[in-house]
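What follows is one structure encoded as structure tokens, with my remarks underneath.
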Amino acid sequence: MTPHHGEVHWLGEGIDYAWAWGLQRELLEERVAGERGNTLLLMGHAPVYTAGRRSVSEDVLAQLDAPLVETDRGGQTTYHGPGQLVGYPIVSLTELGLGPKRYVAAVESALIASLAEYGVLAHREEGLTGVWTGAGKIAAIGVKVSRGVTMHGFALNVATDLRAYEPIVPCGIGDRPVTSLAALLGSAPQPERAPELKEAAYVVATALGAELGIAWRAR
């Protein structure tokens, strides 16, 4: 089967969340109008907490050291910041023949495959969204689908400072820890350093392209 095509953009680190959200909305409108193809934005954010549509105020446990932004994605409250790879696929589920649940499962599978490239065994948890390891949750997923096109996406803890999660109940799950690729590699019998975000970005892009049937072109 001939793959679909799309563009992948590495935007860098320290990206302002509000700016990236506005860019997503612009690209979604262009995708809906047929003015552009499928697009994957990859970046690291400046420190920010975001609250999804199911967030509750009780999930903020203490004063936050970064802004809290209410968004229109699914899910609850989480953190974005240095050392975390964030990806925003702007893709047509209608064109790909996918429903929202199958799309989220494809994103999870891509992240699991990407972590395997670094020797980390990851998995899904029944009834929960995201990607997990034996040491805790390593990737969060929160999406929005508008007129058959996706926005928002995933956040993978590569070398995130996990103390940033202490003032919140991450994704509304209070009884399970969060972890990062750096923490897992550092605790291995033969410790390794976590990859740079840009390197991890293209590993994830390749895996996501394979799951969705999209051949990405780097721009």
Report yes or no: do [X] and [Y] belong to one cluster of Ile/Leu/Val/Met/Phe/Trp/Tyr joined by side chain heavy-atom distances under 4.5 Å?
X      : Y      : value
Val107 : Val91  : yes
Leu40  : Tyr103 : yes
Leu85  : Val203 : yes
Trp216 : Trp10  : yes
Leu212 : Ile90  : no

Do [X] and [Y] make a side-chain contact, defined as non-hydrogen atoms from C-beta onward lying under 4.5 Å apart?
X      : Y      : value
Leu27  : Leu41  : yes
Val69  : Val48  : yes
Leu111 : Val204 : yes
Leu181 : Tyr118 : yes
Ile168 : Asp59  : no
His9   : Thr39  : yes
Leu64  : Pro167 : yes
Met43  : Tyr88  : yes

Kindly say whether [Y] contributes a backbone atom to a donor-acceptor pair with the side chain of [X] at under 3.5 angstrom?
X      : Y      : answer
Ser55  : Thr77  : yes
Asp16  : Trp19  : yes
Tyr202 : Ala218 : no
Ser180 : Ala183 : yes
Thr179 : Ile138 : no
Thr133 : Ala135 : yes
Thr78  : Gln76  : no
Glu13  : Gly44  : no

(message) Determine whether Gln84 and His45 satisfy the following criterion, side-chain hydrogen bond (donor to acceptor under 3.5 Å, both in side chains), listing intermediate values before the conclusion.
(response) CA-CA 8 Å; Gln84 184 189 75; His45 277 308; over 6 Å; no
When rounded to the nearest 0.5 angstrom, what distance separates [atom1] in [X] from [atom2] in [Y]?
X      : Y      : atom1 : atom2 : value
Leu93  : Ser146 : CG    : OG    : 11.0 Å
Thr206 : Glu117 : OG1   : CD    : 9.0 Å
Trp21  : His152 : CH2   : NE2   : 6.0 Å
Ile112 : Glu211 : CD1   : CD    : 9.0 Å
Arg25  : Met151 : CZ    : CE    : 6.0 Å
Ile214 : Leu96  : CD1   : CG    : 5.0 Å

(request) Give a yes-or-no answer on whether the side chains of Ser109 and Arg124 include a donor-acceptor pair shorter than 3.5 Å. (result)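 Yes, because at least one side-chain N or O of Ser109 sits under 3.5 Å from a partner of the opposite role on Arg124.
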(request) Ignoring hydrogens and angles, state whether a donor on the side chain of Arg73 or Thr50 is under 3.5 Å from an acceptor on the partner side chain. (result)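 There is such a pair between these side chains.
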(message) Ring-plane angle category for Tyr165 and Tyr79, please: parallel below 30°, perpendicular beyond 60°, tilted otherwise.
(response)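 Tyr165 vs Tyr79 ring planes: perpendicular.
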(request) List the steps, then state whether side chain to side chain contact (heavy atoms under 4.5 Å, CB included) holds for Arg53 with Glu70. (result) CA-CA 8 Å; Arg53 294 191 302 269; Glu70 294 187 3; over 6 Å; no
(request) Report the C-alpha distance between Ile141 and Glu108 in whole Å, list the side-chain angles of each, state the deciding distance to 0.1 Å, and finish with yes or no for side chain to side chain contact (heavy atoms under 4.5 Å, CB included). (result) CA-CA 8 Å; Ile141 298 172; Glu108 290 172 336; 3.4 Å; yes
Shortest non-hydrogen separation from [X] to [Y] and the atoms involved:
X      : Y      : value
Ala139 : Leu156 : CB-CD1, 4.0 Å
Leu23  : Leu11  : CD2-CD1, 4.0 Å
Pro195 : Ala200 : CG-CB, 4.2 Å
Pro47  : Pro67  : O-CD, 3.7 Å
Lys137 : Cys171 : NZ-SG, 3.3 Å
Arg31  : Gly37  : CD-O, 3.2 Å

(message) Regarding Arg36 and Glu29, does a basic nitrogen lie under 4.0 Å from an acidic carboxylate oxygen?
(response)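 Here Arg36 does not pair with Glu29 in a salt bridge, since their nearest N and O are not under 4.0 Å apart.
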(request) Test side-chain hydrogen bond (donor to acceptor under 3.5 Å, both in side chains) on Asn38 and Glu95 and set out the steps. (result) CA-CA 10 Å; Asn38 296 312; Glu95 178 184 282; 3.0 Å; yes
(message) Please evaluate residues Val60 and Val169 with respect to the criterion side chain to side chain contact (heavy atoms under 4.5 Å, CB included), reporting the C-alpha separation (whole Å), side-chain torsions for both, the decisive distance (0.1 Å), and the verdict.
(response) CA-CA 7 Å; Val60 178; Val169 180; over 6 Å; no
(request) Kindly confirm or rule out a cation-pi arrangement of Arg176 over Trp132, judged by NZ or CZ under 6.0 Å from the six-membered ring centre and within 45° of its axis? (result)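 Yes - Arg176 lies over the ring of Trp132, closer than 6.0 Å to its centre and within 45° of its axis.
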(request) Check whether more than 12 heavy atoms from other residues, nucleotides or ligands sit under 6.0 Å from atom CD of Glu35, and answer yes or no. (result)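 It does: Glu35 CD has more than 12 such atoms within range.
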(message) Can you confirm whether more than 12 heavy atoms, excluding those of Glu125, are under 6.0 Å from its CD atom?
(response)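 More than 12 within 6.0 Å, yes.
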(request) Start with the C-alpha distance between Leu61 and Glu166, add both sets of side-chain angles, then the distance that settles side chain to side chain contact (heavy atoms under 4.5 Å, CB included), and finish with yes or no. (result) CA-CA 8 Å; Leu61 305 175; Glu166 292 175 0; over 6 Å; no
